[in-house]
Amino acid sequence: MSEKLQISDARLEPISQKVLAGERLTADDGLALFQSHDLLAVGWLANHVREQRHGNLCYFNVNRHINPTNVCVAHCKLCAFGRSPDAKGAYTMALDEIYARGAQGVAEGATEFHIVGGLHPDLPFDYYLDLIRGLKQRFPQVHLKAFTMVEVHYYARISKLSIRDTLLKMKEAGVDSLPGGGAEIFHPRVRRIICDHKVSGQMWLSIARTAHEIGLRSNATMLFGHVETLEERVDHLVRLRDTQDKTRGFVAFIPLEFHPANTGLKDIPKPTGFDALKTIAVSRLMLDNFDHIKAYWIMLTPRIAQIALRFGANDLDGTVVEEKIYHDAGATTPEHLTREELERLIRAAGRVPAERDTLYNRVDRSKMPPPVASPTRPSDGFIPAASLTVN
Ligand code: V47
C-alpha cells in the first residue's frame, strides 16, 4: 500500500480528514465509504487506524471448533449447517465424543474451544451445562468461548429462566466468553428474509449487554453479501458501536462473508473479494471502539484474509481444525491451518505474528507445558512447544 494517501473519490476527502483527526464517523460517512470504489483509499485509512492501534502485530490463536449438534429448529434460510432431527447427516455428539475432541485440541496446544451448535428440540439445558463442566474439569487451562446470543435465548426459553439467570448458570458452569455468531444483520427487514425464526437484532444486542454486565465478554459478527442494503450494514455497525459505548464488553468484530451454496438463498451470487476487503476496512473505520477486527480466513480464504491485514484487520482467527458451518455452505478453504501456515501468511504480509489467547493476552509457549502429539492426527502441523517463539 502506498505510503501516502491518494484519494480519487472526492466524497472521501472530508471523511479522511476526520479519520486522521481521530474523529468519530457518522452513518452517512459509513455509507459513503461503502459506496466508494476507491478501495485503496478506504483501505489506506483503515490500515492507518489499524497501525495506530496495533503497530505491525497480527494476532492469531491456536483453537478448536466444536459443534455439538447440527440439529436445529430454526431452519434459517442463510444456513446450510442446521438439519431436522431425522434428516440425512443430522448428528448430536455424546459428551464423551466432545471430551475426546477437547483432548485432541489440548494435545495440539489449543488455548480455546469455540463451541456453537444448532437449537436442538430435545436436548435439555443441562446437556450444555454438563458439556461445559466436563470440558472445564478436564481442561481447566482452556478458554471456553461457547454459545451465541441465539443459543442463550433458546436455552432461556427451554429452561424457563431469565436471560440473566441463563447466562449466570453458563458462567458458573465454566463458560469464559461468548462467540459473536447469530448477529447476521440486525435490521428486521433482512432477518425476516434470511432467519425469520431467530432472535431479533434488538434481542441479540440486549443479550450481549446482559452478558457483558455479568462479566462475560463476547465477540460480534456481521453476515454480509446476501439481501442486505449498504444502509442496513451501516445500521448494524452503528448499533454495535452504540452498545460497545455502553458496555465495552465486545472483544473482537468479525465480518462474515455469506456463502450461498446449499442454503435457502443458493441463487444469490457470492460476495466479491472487493466487497470483502471494503467491508473489513469500513468496519475498522466505523467501529472506533472495537480493538480487534478479525479476518476469518475460513470464510475469506487465506489469500483474501492475508490481504485484509493491510485493510484494517489485525487478527486471522485460529487454527480451527474442524469447521462445519461454512463447509456445509460450500466453502472450499481448508478446515485447518497449522500455526506455521498462519505465521507464514502473516509474515508474508509484512506483519509480525503474535499468538494470543481469546482475550488477546499474549501466549508465551516457553512458559507452558509442552503439548503432546495427538494420537489421532500425529503429523498435522503439530509443532513441539520448545520450537515455538513469541515475537
Ligand atoms: O452465526 C451461517 C454464519 C456464523 C452461513 O466469535 C454463515 O470468534 C456464511 O459466528 N454463509 C457462525 N455465514 C460463525 C461465527 C464465528 C466464526 C469465527 C469466529 C467467531 C468468533 C464467530 O456463521 C453464524 C452465521 O452468522 N453463517 N451460515 C453461510 N451459509
Side-chain angles (χ1 to χ4, degrees), residues 59-61 63-67 70 72 74-83 111-119 143-154 175-186 190-191 194-195 198-199 201 204 208 211 216-228 236 240 249-266 268-271 276 279 290 292-301 305 313 315-333 335 356-360:
Y59 293 96
F60 69 96
N61 72 349
N63 66 348
R64 181 159 186 128
H65 283 214
I66 302 176
N67 304 121
N70 64 355
C72 189
H75 302 296
C76 297
K77 274 215 172 117
L78 69 93
C79 180
F81 170 69
R83 305 269 193 291
T111 58
E112 168 192 286
F113 296 150
H114 170 124
I115 307 166
V116 297
L119 311 181
H143 183 110
L144 302 182
K145 185 180 72 179
F147 311 134
T148 63
M149 312 309 159
V150 177
E151 288 157 283
V152 174
H153 183 259
Y154 186 68
V175 167
D176 295 301
S177 71
L178 275 62
E184 322 310 1
I185 289 280
F186 293 137
V190 177
R191 287 182 108 73
I194 68 169
C195 56
K198 207 170 245 181
V199 289
W204 190 100
L216 281 174
R217 301 195 69 191
S218 77
N219 288 338
T221 56
M222 173 175 79
L223 183 69
F224 68 92
H226 39 86
V227 301
E228 84 287 7
H236 187 95
L240 283 174
F250 291 118
V251 181
F253 176 70
I254 310 118
L256 296 170
E257 175 183 308
F258 180 56
H259 282 239
N262 306 321
T263 73
L265 301 166
K266 62 179 183 332
I268 291 179
K270 271 182 82 159
T279 305
F290 277 65
H292 304 289
I293 307 289
K294 270 192 205 180
Y296 183 40
W297 60 266
I298 286 263
M299 63 94 174
L300 289 171
T301 73
D315 190 302
L316 275 188
D317 199 70
T319 45
V320 180
V321 180
E322 191 179 18
E323 202 287 330
K324 296 187 193 305
I325 296 173
Y326 280 88
H327 288 83
D328 283 355
T332 53
T333 50
E335 287 185 58
R356 60 161 176 91
D357 66 14
T358 311
L359 301 178
Y360 289 82

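Indexing begins at 1, ligand by ligand and atom by atom, following the structure's order. Here the structure is a predicted model, which means the values were calculated and not measured.
Taking a cut-off of under 4.0 Å to the non-hydrogen atoms of Ala329, the atoms of ligand 1 that pass are 30 (N). Close approach of ligand 1 to Gly181 is summarised as follows: ligand atoms under 4.0 Å from at least one heavy atom of the residue are 1 (O), 10 (O). Atoms of ligand 1 found under 4.0 Å from any heavy atom of Lys145, numbered from 1 in the order shown, are 6 (O), 8 (O), 21 (C). Close contacts of ligand 1 with Pro179, meaning ligand atoms under 4.0 Å from a residue heavy atom, involve 6 (O). Below 4.0 Å from some heavy atom of Leu223 lie the following atoms of ligand 1, by number and element: 7 (C), 9 (C), 13 (N). The ligand atoms of ligand 1 that sit less than 4.0 angstrom from a heavy atom of Lys294 are 8 (O), 21 (C). The ligand atoms of ligand 1 that sit less than 4.0 angstrom from a heavy atom of Asn219 are 6 (O), 8 (O), 21 (C). Within the listing of ligand 1, atoms 30 (N) sit less than 4.0 angstrom from a heavy atom of Thr263.
The side-chain heavy atoms of His65 and Val321, taken from C-beta on, include no pair separated by under 4.5 Å. Tyr360 has its side chain within reach of Asp315: a pair of non-hydrogen atoms, C-beta onward, lies under 4.5 Å apart.
For the pair Leu78 and ligand 1, the shortest N or O to N or O distance falls below 3.5 Å. In terms of polar-atom proximity, Glu184 is counted as a contact of ligand 1, with an N or O under 3.5 Å from an N or O of the ligand. Note: an N/O pair closer than 3.5 Å links Gly182 and ligand 1 by distance alone. At a 3.5 angstrom cut-off on N or O pairs, Lys198 does not count as close to ligand 1. For the pair His259 and ligand 1, the shortest N or O to N or O distance falls below 3.5 Å. For ligand 1, the polar-atom distance check finds no N/O of Tyr296 at less than 3.5 Å from any of the ligand's N/O atoms.
Nearest protein neighbour of atom 15 (C) of ligand 1, counting heavy atoms only, is Leu256 CD1, 3.9 Å. Protein heavy atom closest to atom 9 (C) of ligand 1, with residue, atom name and distance, is Tyr326 CE2, 3.1 Å. Of the protein's non-hydrogen atoms, Ile325 CD1, 3.9 Å is the one closest to atom 12 (C) of ligand 1.
From Leu316, atom CG reaches atom CD1 of Ile298 across 11.5 Å, with rounding to the nearest 0.5 Å. Ile325 CD1 to Asn70 CG: the interatomic distance, rounded to the nearest 0.5 Å, is 10.0 Å. One finds the CD atom of Glu323 at 7.0 Å from the CG atom of Asn67 (value rounded to the nearest 0.5 Å).
Under the 30°/60° scheme for interplanar angles, the aromatic rings of Phe253 and Phe290 are found to stand perpendicular. Below 30°, between 30° and 60°, or above 60°: for His226 and Phe258 the angle between ring planes is above 60°, a perpendicular geometry. Between Phe186 and Trp204, the ring-plane angle classifies as tilted under the 30° and 60° cut-offs. Ring geometry for His259 against Tyr326 counts as perpendicular: the plane angle is over 60°, on a 0 to 90° scale with 30° as the lower cut.
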Original post:
When you look at Lys198 and His153, which way does the side chain to side chain contact (heavy atoms under 4.5 Å, CB included) test go after all the steps?
Top reply: CA-CA 9 Å; Lys198 207 170 245 181; His153 183 259; over 6 Å; no
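Scanning Cys76, Ala331, Gly180 for the heavy atom closest to atom 6 (O) of ligand 1 points to Gly180.
Ligand 1 lies within reach of His114, whose nearest heavy atom is under 4.0 Å from it.
Take Asp357 and apply the salt bridge (Lys or Arg N to Asp or Glu O under 4.0 Å) test, not counting sequence neighbours, and it matches no residue.
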